[in-house]
Structure formats: structure tokens, C-alpha cells
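Reviewing the structure listed below.
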Number of protein chains: 2
Amino acid sequence: MDGKPGLRERKKQRTHAAISEAAITLFLEHGFNQVSVAQVAEAAEVSKRTLFAYFPAKEDLVAHRLADHETELARVVKAGPPGTAPLTTLREHFLQRLRERDPITGLNDHPQVLRLTRMILDTPSLVARMDRFKTGAERALAQALQETADTPELTARLAAVQIVAVQWALAGDNAERLTYGESADARYAGAVADAEHAFALLENGLRQLTGSDSWPSDQPGDAGRSSAGQSGRSANGSAMSRSTLR
Amino acid sequence: MDGKPGLRERKKQRTHAAISEAAITLFLEHGFNQVSVAQVAEAAEVSKRTLFAYFPAKEDLVAHRLADHETELARVVKAGPPGTAPLTTLREHFLQRLRERDPITGLNDHPQVLRLTRMILDTPSLVARMDRFKTGAERALAQALQETADTPELTARLAAVQIVAVQWALAGDNAERLTYGESADARYAGAVADAEHAFALLENGLRQLTGSDSWPSDQPGDAGRSSAGQSGRSANGSAMSRSTLR
DNA sequence: GAGTAAATGTATACCAGGTGCAGAAATATC
DNA sequence: GATATTTCTGCACCTGGTATACATTTACTC
């Protein structure tokens, strides 16, 4: 099978790509709300009706590029080495993405990427679209956790929403800092430290959040990590040693 | 001051209420997407333009009723007894809301409430509006945590997104079960058990989510809570003793 | 209590996103 | 090459939301 995609299929792919590119180009140049779908259609040399046949809504002209990420965490968990805690797999994966400067982590400062990120974060309807991705990611991850680590259903759901929420928070924080001028490389160490702190929080819980007394960082199995870099811009140097590798 | 609201103010309030009631009535009867704002305006005997002066978007005709909940968690934390862990305050608050069958917990089965809940959950644009509330709640709670427990900024943000996400998951789960016919009273015990399980997870972390071996529930300071009711509908009887009261 | 300024409401026209429909054009199949 | 099936197009249309210009009401002042 799949000997040839067929002419029809290839044309569809080309049309899809043409519309998407025209859209992104126009959006980056004039802003999402300043460009109408009619303009996009015209630029892509397609009718408005055809555009909506390829993209169900205007937001999808942007969002379809991130569609893969909806099931990414679930796939990572499923593909992870058995016997390893899913959280460990997920943390390693996130750190890997930071290293790669994957835009999904908010740690990519290529001008194009940065502009696109800003546009999404500044456009309410696009943020709403992202939230739908989040919901989808939660569902998929919950199912993956249930299958691979046979976690009870509710526990899997609760874990999934926490994990997804935390990773988006980390990415949002990185993106915010980059838009304030920090370079990805300068931010990297801090991003790693923050990520490790966040995953440690996920693993060990919010017990630390007691009323007045500061946190007792001596968990059995936690290598006494001191408060990882969160205050301000100063990247606190090299990433500290992995601790909760299980 | 505030001796009298003034005629103008009173009239505004009455108009606001009239529009809102007309909207809810029509929406419940015919569905959100089946009713146009023009119809709502007509039913409320107001011009379309005036309607939009009171409610910036169609979704707000429904969402404004839940606006208070956006800052609820933050207020609870700020008003909580000092010296108590915020998580404890929040858990007690949530359990209290369950007892009261507050619709926000998904545990209210009055037909009107149930229909409204269903309508919201079944209407994508309304779900999106709820997500904006979630984001607002996260921001407010993060700030509250930062102030009251002087938690570092990042930690507060991470904790906030986890807490909000978990509470919405619990509420969603309850609402889902009620729409499958379960009564609020029948669901109550299970809802409490699930909530306690969820808050225990927040406090103690997802360490339990290891690869293969089941969870070691003997934390120092955790009174060895066994797996709280999550599997299916069976409410596992009475709520167990509070453990992590700090 | 009349007169005036400020707020509020209305009517109308308009724009943009999105859909239904009928027919034209292109592709696949024989 | 003829035909059946997709796909594309143009057009009309609906709805949410806004701009403008004008009418009405309320509040304030003398």
C-alpha cells in the first residue's frame, strides 16, 4: 500500500500548505484580527468556501501547526521504558525539548517563532484554541497513564490535568521572558532549573506550601534541592544534578 | 455614602436582570446556539445594541452568573486562618461546597441547574468561556498564595494551576455522573472521597505513579490513607478521617 | 420646577466569520 | 474517451458584534 499518494491527494496537500502559508505570512505581517479569511483565501488563490473546507475555523489556520502536540505527552508515556515512573519519562522528555529549543516549551527565540508565539498569546480566540488543545492533551494523557501504569481512572485524570497545567505554565513563563528580550540561551539554565523544580513539586506534592514556616526540603529520596531559580532573570548557572530519577 | 443607589442605577440593575433572565430562559428552552442575541434582546424588550452594552459577548449572558467564582479560591486563601496550610483551607472549603451542593462542584441535581450545567458543557464557546475563568482563577490564586504563604512566584503559579485544574476535574466528574442519572445525595459520599483523594494527591505528589509497583502509601505524616473511591460509581461509604490536616 | 449636561437607549447600516446550495471543473475509473 | 465521483466556486444568507448618528431619559443646578 501507499505506493502513490495519487494526484488528487497531492493536490490537496499542496492546497492545504498554500493556504496555511498564506495565512501565517499575512497574520505575522498584519496581525491575526487585522486579516480577514477572505484576504487569506485570495492570497492563497482559493475561494473562501474552499478555505473553510480545509480549516474548520479561522483559528485553525494557526492552530493546526500545533496539533501534534495534543497527543505528544500521551505518546511519550506510552513509548516510555516500562518500569520507569511516567513522571520521570515526562520530565526527561520536557528537558529534552528544552535542549532542542522546541517552540512548545516557549524557549525558542527565532524571530519568526517569537512573533508567532506573541501573536497567539495576545489573541484571545487563539488562546481559547490553545485551551482546547490542553483539554485534549489532558484526556489523552489520562488514558495513557491509565493504560501503562494502570493507574485508577480518577487518579489518572487528576495526574494528567496537573501535569499538563504545569508544563503549559512553564512554557508560558519561558515565552514571557523571551518576549522581554531574554535570549533562549541565556534563559536555558533557568528554564531547566524551573522545570526540575516544577517536576519535583509534582512528584513530592505541595506539602511544602505550609502556612508560615518555610519548606522542609529534606524529603527521603530528594537530594535536598535548594530553592531552584525562580526569582527574576538571573540564571543560576548550570543545571543541578537530577535527583528524583527514581 | 450609598444611602441610595439612585434611580439610574436601579434601572440599570433591573435591565441587567431582565436581559439575563430572558437569555437563560430562552437558552434553557431552545439551546444556546439555537437562540440569537436578537431574540434575547427582543424578549427582554431592549435593543440589540443595549444588550451588548450590558454583556460584552453572547457567552457572558450565561457566564456572568459564575463570575464570582473566578476569585473565590483566592479569597478563601486570603481569608483562611493564618498558620494553616493553604491547601488545608482549600480542601475544607471544597468539602463545605460539596455539603452545600454548590453547583460549582457539579454536585447539584436541581433540574434547572442540571440543564444549565449540561448546556454549558455541551457548548464549545461556553466551555471556552469557562476556560477563561479558569485562567483568571489561576492568576488570582497564585497571587493569593504568594501573599499569604509567601511562596516564591513560580512555585505559587505552579501550585495554583494544579489546584485549579484538580478542582475543575472533580467538578466535571461530579457533573458527568449526575447527568448519567445519579442523584446528588447518592453521589455525595463518593464525591467527598474523591475530593479527599485528590487533595491528598496534591499534597503528597504523584510519587505514587511509579511504573509497576503499586504505591507505597506510608508517608511520614500521612496517616496511611488507602486508595479512596475512584473506580466506577460505588460510593465507598463514609468519608474517612482527615489525615493531612497539618 | 425649568433648563441643561451627561448618560443611556434606539435605529440603521455595516463588517467578518461561517454555512447551504447549485452548478462548474477536475480527477478517477472503466 | 465516457461516466461517476470529488472537489472547487460563486452566491446568497445568517449571526455576532461594532460604528454612527440621533432620541430619550436622568441628574444636577439655579
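First the proteins, then the strands, lettered A, B, ... as listed; each starts at 1.
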Looking at side-chain heavy atoms only, is the closest gap between B/Glu72 and B/Asp68 below 4.5 Å?
no
Spacing between A/Arg14 atom CZ and D/dT7 atom P, to the nearest angstrom
15 Å
Between CD of B/Glu59 and P of D/dT15 the distance, given in whole Å, is 15 Å
Roughly how many Å is it from CD in B/Gln39 to P in D/dG17, rounded to a whole number?
15 Å
Give the residues of residues 19-36 of chain B touching DNA chain D, defined as any heavy atom closer than 4.0 Å, sorted by residue number.
B/Val35, B/Ser36
Closest non-hydrogen atom pair between A/Ile19 and A/Phe55, with its separation
CG2-CE1, 3.6 Å
Taking all atoms of both residues into account, what is the closest heavy-atom pair of A/Ala156 and A/Thr151, and its distance?
N-CG2, 3.7 Å
Any heavy-atom pair between the side chains of B/Val76 and B/Leu90 that's under 4.5 Å?
yes
Take atom NZ of A/Lys58 and atom P of D/dG16, then tell me their distance rounded to the nearest Å.
18 Å
Nearest-Å distance, CZ (B/Phe52) to C1' (D/dA19)?
14 Å
Spacing of A/Leu61 atom CG relative to C/dG17 atom C1', expressed in whole Å:
11 Å
Any residue meeting side chain to side chain donor-acceptor pair (under 3.5 Å) with A/Thr71, in chain and number order, not counting sequence neighbours:
A/Arg75
Can you check nucleotides 6-11 of chain C for protein contacts, nitrogen or oxygen pairs under 3.5 Å, and list what you find?
| unit_1 | atom_1 | unit_2 | atom_2 | d |
| --- | --- | --- | --- | --- |
| C/dT8 | OP1 | B/Lys12 | NZ | 2.9 |
| C/dG9 | OP1 | B/Tyr54 | OH | 2.9 |
| C/dT10 | OP2 | B/Ser47 | N | 3.0 |
| C/dT10 | OP2 | B/Ser47 | OG | 3.3 |
| C/dT10 | OP2 | B/Thr50 | OG1 | 2.6 |

dist A/Leu28:CG -> A/Leu114:CG (nearest 0.5 Å) comes out at 11.0 Å
Rounded to the nearest 0.5 Å, what's the gap from CD on A/Gln112 to OG1 on A/Thr25? Could you check?
8.0 Å
Here the salt bridge (charged side-chain N to carboxylate O under 4.0 Å, His left out) pairs for residues 109-120 of chain B, sequence neighbours left out, are B/Arg118-B/Asp122
Using the six-membered ring wherever Trp is involved, compare the ring planes of A/Phe94 and A/Phe199 and label them parallel, tilted or perpendicular (cut-offs 30° and 60°).
tilted
With axes from five pairs an end, tell me the bend angle of the helix from C/dG1-D/dC30 to C/dC30-D/dG1, nearest 10°.
20°
Quick one: side chains of residues 127-138 of chain B, donor-acceptor pairs under 3.5 Å with protein atoms, not counting sequence neighbours, listed by atom name and distance.
| unit_1 | atom_1 | unit_2 | atom_2 | d |
| --- | --- | --- | --- | --- |
| B/Arg129 | NE | B/Asp60 | OD1 | 2.9 |
| B/Arg129 | NH2 | B/Asp60 | OD1 | 2.8 |
| B/Thr135 | OG1 | B/Asp131 | O | 3.1 |

Is A/Ile24 close to A/Leu61 at the side-chain level, that is, under 4.5 Å between some pair of heavy atoms?
no
